[in-house]
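Below is one structure; the comments refer to it alone.
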Amino acid sequence: MWAMGIVTRFPPSPTGDLHIGGARTALFNWAFARHHEGQFVLRFEDTDRARSSRASEAAMLEALDWLGLGFDPAPGPDPIPRQSERLEHYRAAVEKLLAAGHAYRCICTPEEVEAMRERARAEGRNPAYDRSCRNRSIGADEPRPWCVRLRIPEDGQARWIDLIAGPSGQELAELDDFVLARTDGTPVYHLAVVVDDHEMGISHVIRGREHMTSTSRQLLLYQALELEPPRFAHVPLLVDASGRKLSKRQASVSVQSYRERGFPPEAVLNFLARLGWGSGDLEVFDARELVRRFTLEGVGRSPAGIDEDKLLWLSQQYIKSLPAETLRRYARPFLEREAGGPVEFDAALVRLLELLRERSRTFEEMAQRARFYLHDPVEFEPKAARKHLKPAAREVLADLRSTLAELSNWTDAGLEAAIHEVLARRELPLGKLAQPVRVAVTGSAASPGIFETLCVLGSARSLVRIDAALAYIDAHA
RNA sequence: GACCCCAUCGUCUAGCCAGGCCUAGGACACCGGGCUUUCAUCCCGGCAACGCGGGUUCGAAUCCCGCUGGGGUCACCA
């Protein structure tokens, strides 16, 4: 099939942050559309007025943008249609169904319907609306409040070839005459989706597996409306550690939360794509490569869980190889948060970032490791100080201090020469000096190479810190 | 409960549709070793899976049936 016809969509309910599962669905829709050089459009399903908000819409767009999922404007007046603003369209569809006899008015109250379901359950049947109003021919002039239901054929089945799940379907007898329009005239999900997908020219509906059973009902609606249905593809669920559907309530499942923890968007995108989709042994790939390779055949059929260790690993792969400029841009907010104010990317900080990118899995970690550079004075980690700032180290440290005070070229090579000079004088291995100095200048027993670290910190700050370490040793002797 | 779906290392997966190339491959994690001034990177090695039972076949992870386990859906929510 050709490119021109492919249009996919991502229709979030703007009721919070973009959920990681939603992000993956969006990603698949996006990748599929881009792979076929088609269109990827958005729409807000905000018919639940109480829970929807503009703030959430903004959050959704921001998350999508952060991931790099660009979208195309939908056909029609609004680039991103809102269901709440398309009520006339749904109403027209309901009128059409009513006129054609595919739908009927129902005056049963929610309480009555609930009682029917109870009764059915009690009798061991499936809970369903008992179709009391199906043949009552209730007109628009009916004084009692009425809703509109779809008249589902007595028998037959709804079938479709799911592009991921394969041949799928359901017996019509299993379905009940579901509501299309509420008593207040507003449409219910199934109707709105069908009308929208059709009017937006959607060719492929790629959505979560939890919508699988909705598909039968929607297919019936397409039929009643005499519209050609799109192709469907149901993506397996994202599950938690116990195998259940990932709930929105669980911590750390919004895209925003990953962003805040300092994962590069490239890593999150890569990670998400690997959840349920694969292309041979390929593990690390960028958006371009994903688009090039993405097919629905490559999407698995079983649910996947989130392995945070793998995300961390992937994240580090990206942090290690990001272009320097991108690295700075991504790191900035984290460094500034750590510094408590604006940071300037001078030569030393730029160098430090290069040293840190090899040992940081997230930007949050990177900022923590940069703390010794961002703050004065440095705080000695108790454990590290206890182990390395001992009286035994005092003399070498003092020796180094005076040697460094004289050092004219504060460079990696100059520092290395100076340190080896002291080592030779004292007949000590490098480790005996490197660790105490490391703790002295970074406060920690772990840091980038000691020459580089001193070089980045600079002469003045380094000497002050060595003095402080000397004082610490004296105070704790 | 009804309907539908899923099932390969702890995790993500390759292989399954077109049975033999699979004593099941890769990645993460884990364990061991190398490199090394610390941490990390990097390199080498190791542990570890076809849920169970029947078929079909010369031969099954791959095909069929059953079972077990897990999940999804059953609204005037989306």
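Naming: A, B, ... by sequence-line order, numbering from 1 per chain.
Side-chain polar atoms of A:Ser447 and A:Arg438 form a donor-acceptor pair below 3.5 angstrom. Using modelled atom types and a 3.5 Å distance limit, the side chains of A:Glu338 and A:Tyr373 yield no donor-acceptor pair.
Contact between the side-chain N/O atoms of A:Lys320 and the OP1/OP2 oxygens of B:A40 is not found at any separation under 4.0 Å. For A:Thr47 and B:A78, the shortest distance from a side-chain N or O to OP1 or OP2 is below 4.0 Å. Of the side-chain N and O atoms in A:Arg244, one or more sit less than 4.0 angstrom from OP1 or OP2 of B:G71. For A:Lys387, no side-chain nitrogen or oxygen approaches OP1 or OP2 of B:U38 to under 4.0 Å. Regarding contacts with the backbone of B:G71, every side-chain N or O of A:Arg209 stays at 4.0 angstrom or more from both OP1 and OP2.
For the pair A:Arg131 CZ and B:C76 P, the computed distance is 14 Å after rounding to whole Å. Look at CZ on A:Arg119: it is 22 Å from P on B:A2, rounded to the nearest Å. Rounded to whole Å, the distance from CD on A:Gln435 to P on B:C39 is 7 Å. Spacing between atom CD of A:Glu171 and atom P of B:U73 amounts to 22 Å, rounded to whole angstrom units. A straight line from CZ of A:Arg82 to P of B:A78 spans 17 Å, rounded to a whole angstrom. The distance from atom NZ of A:Lys383 to atom C1' of B:U38 is 13 Å, rounded to the nearest whole Å. As a whole-Å value, the separation of A:Leu18 CG from B:A78 P is 19 Å. In this structure, CD of A:Glu210 is placed 12 Å from C1' of B:G71, rounded to the nearest angstrom.
Within the nucleic acid shown, A:Gly305 comes within 4.0 Å of sugar-phosphate atoms alone, with no base atom in reach, counting heavy atoms only. Contact annotation for A:Gly208: no contact, since no heavy-atom pair falls under 4.0 Å across all strands. The residue A:His211 sits close to a base: some heavy atom pair falls under 4.0 Å. Contacts of A:Ala304 with the nucleic acid, taken as non-hydrogen atoms under 4.0 Å apart, involve only primed sugar atoms and P, OP1 or OP2. As judged by a 4.0 angstrom heavy-atom cut-off over every strand, A:Pro429 is placed among residues making no nucleic acid contact. Within 4.0 Å of A:Phe178, counting heavy atoms only, lies no atom of the nucleic acid at all. Across all strands, A:Pro110 comes closer than 4.0 Å to base atoms (heavy-atom distances). Across all strands, A:Glu114 comes closer than 4.0 Å to no nucleic acid atom at all (heavy-atom distances). A:Arg117 comes within contact range of the sugar-phosphate backbone alone, with a heavy-atom separation under 4.0 Å but no base atom that close. Nucleic acid contact class of A:Ser447 (heavy atoms, under 4.0 Å, all strands): base. Residue-level contact check: A:Ile450 touches the bases, meaning some heavy atom is under 4.0 Å from a base atom.
The pair A:Glu45-A:Arg43 meets the salt-bridge criterion, with a side-chain N (NZ, NE, NH1 or NH2) lying under 4.0 Å from an Asp/Glu carboxylate O. Classification of A:Arg119 and A:Glu123 as a salt-bridged pair fails, no side-chain N sitting under 4.0 Å from a carboxylate O. For the pair A:Arg359 and A:Glu365, the salt-bridge criterion is not met [side-chain N within less than 4.0 Å of a carboxylate O]. With respect to A:Arg209 and A:Asp162, no salt bridge is recorded, no charged nitrogen being found less than 4.0 Å from a carboxylate O.
Positionally, the nearest nucleotide of RNA chain B for A:Gln316 lies more toward the 5' end than for the other of A:Asp184 and A:Gln316. If you find the closest nucleotide of RNA chain B to A:Pro303 and to A:Phe451, the one lying nearer the 5' end belongs to A:Pro303.
B:C21 is unpaired under the criterion used here, namely a Watson-Crick or G-U wobble arrangement in which both key atom distances are under 3.5 Å. B:U62 is unpaired under the criterion used here, namely a Watson-Crick or G-U wobble arrangement in which both key atom distances are under 3.5 Å. Across all strands shown, B:C47 remains unpaired; no Watson-Crick or G-U wobble contact has both distances below 3.5 Å. B:C9 is unpaired under the Watson-Crick or G-U wobble criterion, no partner having all donor-acceptor distances under 3.5 Å.
Comparing B:A61 with B:G72, their C1' atoms sit 26 Å apart, to the nearest whole Å. One P atom belongs to B:G51, the other to B:U11, and the distance between them is 12 Å to the nearest Å. Taking atom C1' on both nucleotides, B:C9 is separated from B:C50 by 10 Å, rounded to a whole Å. A distance of about 44 Å separates the P atoms of B:U41 and B:A60, rounded to the whole Å. Rounded to the nearest Å, the gap between the C1' atom of B:A49 and that of B:A29 is 15 Å. Taking atom P in both B:G26 and B:A75, the straight-line distance is 48 Å, to the nearest Å. Comparing the P positions of B:G66 and B:A24 gives a spacing of 30 Å, expressed to the nearest Å. Only the C1' atoms considered, B:C52 is 44 Å distant from B:C42, to the nearest whole Å.
Checking B:U73, B:G26, B:C3 against the side-chain heavy atoms of A:Asp281 singles out B:G26 as nearest. Out of B:G1, B:A27, B:U37, the shortest distance to the side chain of A:Pro127 is found at B:G1. For A:Ser302, taking side-chain heavy atoms from C-beta onward, the closest of the listed nucleotides B:U11, B:A7, B:U73 is B:A7. Out of B:U41, B:C28, B:G72, the shortest distance to the side chain of A:Asp309 is found at B:C28. For A:Glu45, the listed nucleotide lying nearest its side chain is B:A78; candidates were B:A78, B:C76, B:C6.
The base of B:C39 is paired with the side chain of A:Arg359 by a donor and an acceptor separated by under 3.5 Å. On a pure distance criterion of 3.5 Å, a polar donor-acceptor pair joins the side chain of A:Glu283 and the base of B:G26. Judged by atom type and distance alone, A:Arg438 reaches the base of B:U37 through a side-chain donor-acceptor pair under 3.5 Å. A donor N or O paired with an acceptor N or O is found under 3.5 Å between the base of B:C76 and the side-chain atoms of A:Thr183.
Tested against A:Trp277 for a ring pair (Phe, Tyr, Trp, His ring centres under 6.0 Å), the candidates A:Phe271, A:Phe28, A:Phe294, A:Phe32 yield a single pass: A:Phe294.
Within 6.0 Å of CZ on A:Arg105 lie more than 12 heavy atoms contributed by other residues, nucleotides or ligands.
A cation-pi contact links A:Arg217 to A:Phe178, judged by a cut-off of 6.0 Å to the six-membered ring centre and 45° from its axis.
In this structure, A:Leu221 and A:Leu97 have side chains that are in contact, with non-hydrogen atoms separated by less than 4.5 Å.
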